[in-house]
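Convention: sequence-line order gives letters A, B, ...; per-chain numbering from 1.
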There are 2 protein chains.
Amino acid sequence: MPSATATNGRETLASIAYQRLLDDIVGGRLQPGTKLRLQFLTERYEVGNSPLREALNRLSAIGMVQREENRGFRVSPASADELSELIRTRCWLEETALRESIRRGDAAWEEGVLVAYHRLSKRNRYSDEQYVRFDGTWEDLHRAYHLSLLSACNSSILLGFCTQLHEQTLRYRNLSSMQDYRDRHELDEHRTIRDAALDRDADAAAELLRAHYRVTGEIVLASGNLS
Amino acid sequence: MPSATATNGRETLASIAYQRLLDDIVGGRLQPGTKLRLQFLTERYEVGNSPLREALNRLSAIGMVQREENRGFRVSPASADELSELIRTRCWLEETALRESIRRGDAAWEEGVLVAYHRLSKRNRYSDEQYVRFDGTWEDLHRAYHLSLLSACNSSILLGFCTQLHEQTLRYRNLSSMQDYRDRHELDEHRTIRDAALDRDADAAAELLRAHYRVTGEIVLASGNLS
DNA sequence: CAAGGAAATAATTTCGAAAACTGCGCCCCT
DNA sequence: AGGGGCGCAGTTTTCGAAATTATTTCCTTG
């Protein structure tokens with residue numbers, strides 16, 4: 001998330017609503033295009049209308065909900081076209097960040113990648129039930145691993161964009177049936193990317209990373225129920 | 001702006017406040033780090049506190065204001081470090097978009113670039129007084145010209161990120177004294193970029209575009225009053 | 001029977017005030 | 001003199017209701 005938010009002291013209701021809404025949208029529990037009526041949301045989240053509107057406004061700025069003047073909010077629609085645009089853009093941005101990271105990364109970066117991979121490898125993806133944003137879930141470790149690869153690119157702005165794209169594609173993944181994921185050897189892919197990156201082989205790492213995303217995209221497109 | 005906002009019917013107060021706040025922050029009339037007290041803002045913009053909070057929340061999501069839980073909002077601080085990060089990131093993203101645009105651009109794209117350049121060339125930068133976001137200002141034509149170069153990249157997401165970065169660097173430009181701009185031949189730079197792009201010389205166009213942004217950055221850094 | 005338009009209904013947006021929180025100064029105690 | 005808690009003033013956050021805007025319904029008219 002690119003949120004310019006110093007999470008100080010006690011959380012506000014608006015932030016709680018934001019997190020829960022984001023969670024439900026990314027988790028696919030709020031389907032694309034769903035009208036988000038305030039009354040429905042106040043009942044669902046037990047929060048007043050002002051904090052909810054603040055949350056919705058923040059979500060609209062990162063593309064998770066659409067806002068129409070005087071007509072309220074709805075979950076951003078999902079389409080095959082948007083998914084391929086997302087993946088295309090993600091490949092461009094992450095390739096840039098990855099190459100830069102490989103060029104600049106120091107010992108601490110290498111260790112970070114190693115640790116993130118290790119943690120991910122010890123976690124079984126399918127032991128997590130429904131998607132929930134929470135420390136230690138497979139998705140959380142997965143996110144952390146991918147971010148660690150890019151983390152030495154020296155641009156928190158670019159990292160923010162990449163995180164945003166990660167979140168959007170994650171929504172598409174959670175929208176699809178996920179049946180076809182089981183025969184995929186994701187951990188192998190993650191390992192080869194790790195090795196290429198730590199070997200400072202930027203061309204190989206970039207190609208592997210791009211392929212990793214393209215395959216994901218194709219699986220989601222194939223198994224998905226998108227317009 | 002990446003705002004997922006269909007601007008339908010009548011504008012809402014929140015959107016008006018958003019535009020005016022963005023305008024004042026980018027225009028430098030609200031200095032970096034300024035505390036944005038609600039009482040102050042309601043007097044300044046003659047809008048109630050709810051629409052203002054919505055506007056501030058949207059601005060926080062695009063990095064123009066910082067939000068601290070239970071401590072309100074302030075204009076995002078500006079620093080030399082952040083400026084160079086901005087420019088670095090902008091060079092990466094726009095190079096990607098430009099190369100892709102040059103590769104894919106059709107006749108309509110070429111004409112769009114030509115027209116945008118033409119309009120920009122007819123406008124004298126220094127006839128515009130204070131920065132105000134408005135159709136036909138130099139800044140508006142400048143934004144449109146740069147966007148036209150990238151417009152055929154086939155990723156509205158990437159274009160949104162580029163627009164966001166444009167807006168941020170524009171703030172830094174407006175923060176600096178702008179004295180040192182007068183001896184610069186900006187129009188020449190814009191013309192050579194246009195020519196390289198229309199000649200489909202991606203390497204040359206990318207290098208010229210990067211140089212264009214780097215020079216701007218150096219001028220702002222030199223004349224600027226940043227921490 | 002279709003089309004248009006006005007009233008009724010439902011939703012969103014905004015306001016004003018109450019509640020909750022932060023920061024600071026003051027006082028008391030050791 | 002120093003440190004820790006208490007309470008007040010100022011600010012942010014939240015609520016509940018009023019105002020505005022969109023949508024549906026139903027009646028009228030061509």
Side-chain angles (χ1 to χ4, degrees), chain A residues 1 3-22 24-25 30-61 63-77, chain B residues 1 3-22 24-25 30-61 63-77:
Chain A
M1 263 104 303
S3 64
T5 307
T7 93
N8 254 349
R10 187 163 264 69
E11 265 188 321
T12 127
L13 289 184
S15 290
I16 293 170
Y18 174 87
Q19 287 294 339
R20 294 195 54 190
L21 264 165
L22 180 59
D24 283 347
I25 292 170
L30 289 173
Q31 288 284 105
T34 306
K35 190 79 211 304
L36 295 169
R37 285 202 198 76
L38 250 31
Q39 192 186 348
F40 167 71
L41 295 175
T42 48
E43 286 164 13
R44 182 180 176 110
Y45 300 113
E46 294 170 316
V47 180
N49 123 12
S50 317
L52 271 173
R53 287 185 64 80
E54 296 196 13
L56 290 166
N57 273 294
R58 276 187 243 167
L59 289 165
S60 79
M64 284 294 176
V65 313
Q66 278 192 331
R67 193 168 47 82
E68 281 182 295
E69 306 271 287
N70 290 320
R71 286 193 221 173
F73 304 82
R74 62 179 59 235
V75 179
S76 288
Chain B
M1 255 105 309
S3 64
T5 307
T7 93
N8 255 349
R10 187 166 262 67
E11 265 188 321
T12 135
L13 289 184
S15 290
I16 294 169
Y18 174 86
Q19 286 294 338
R20 294 196 54 190
L21 263 165
L22 180 59
D24 283 345
I25 292 170
L30 289 173
Q31 289 284 103
T34 306
K35 190 76 212 304
L36 294 170
R37 286 199 198 77
L38 250 30
Q39 192 185 351
F40 168 72
L41 295 176
T42 48
E43 287 164 13
R44 183 180 176 111
Y45 299 113
E46 294 170 316
V47 179
N49 111 16
S50 315
L52 271 173
R53 286 185 65 80
E54 296 195 13
L56 289 166
N57 273 295
R58 276 186 244 168
L59 289 166
S60 79
M64 284 294 176
V65 313
Q66 279 193 331
R67 194 169 47 86
E68 282 182 295
E69 306 272 287
N70 290 319
R71 286 191 222 173
F73 303 83
R74 62 180 59 235
V75 180
S76 287

Q: Once each nucleotide of nucleotides 5-21 of chain C is scored for protein heavy atoms under 4.0 Å, what B/S/- sequence comes out, 5' to 3'?
A: ------SSBBB-B---S

Q: Over how many whole Å does the gap from B:L52 atom CG to D:dT11 atom P extend?
A: 15 Å

Q: Output all residues satisfying side chain to side chain contact (heavy atoms under 4.5 Å, CB included) with B:T34, sequence neighbours left out; order by chain, then residue number.
A: B:Q31, B:V75

Q: What residues form a side chain to side chain donor-acceptor pair (under 3.5 Å) with A:N49, not counting sequence neighbours?
A: none

Q: Go through the structure and list residues passing side chain to side chain contact (heavy atoms under 4.5 Å, CB included) with B:L41, not counting sequence neighbours.
A: B:L21, B:L36, B:L38, B:Y45, B:L52, B:L56

Q: Applying salt bridge (Lys or Arg N to Asp or Glu O under 4.0 Å), can you list everything that pairs with B:R44, at least two apart in sequence or on another chain?
A: B:D24

Q: Five pairs at each end of the helix from C:dC1-D:dG30 to C:dT30-D:dA1: take the axis at both ends and give me the angle between them to 10°.
A: 10°

Q: Could you tell me which residues satisfy side chain to side chain donor-acceptor pair (under 3.5 Å) with A:R37, sequence neighbours excluded, listed by chain and number?
A: none

Q: Between CG of B:L22 and CZ of B:R58, what distance do you get to the nearest 0.5 Å?
A: 11.0 Å

Q: Can you name the residues that form a side chain to side chain contact (heavy atoms under 4.5 Å, CB included) with A:T12, not counting sequence neighbours?
A: A:A14, A:S15, B:E69

Q: Taking side chain to side chain contact (heavy atoms under 4.5 Å, CB included) as the definition, give me every residue that meets it alongside B:Q19, ordered by chain and number, with sequence neighbours left out.
A: B:R133

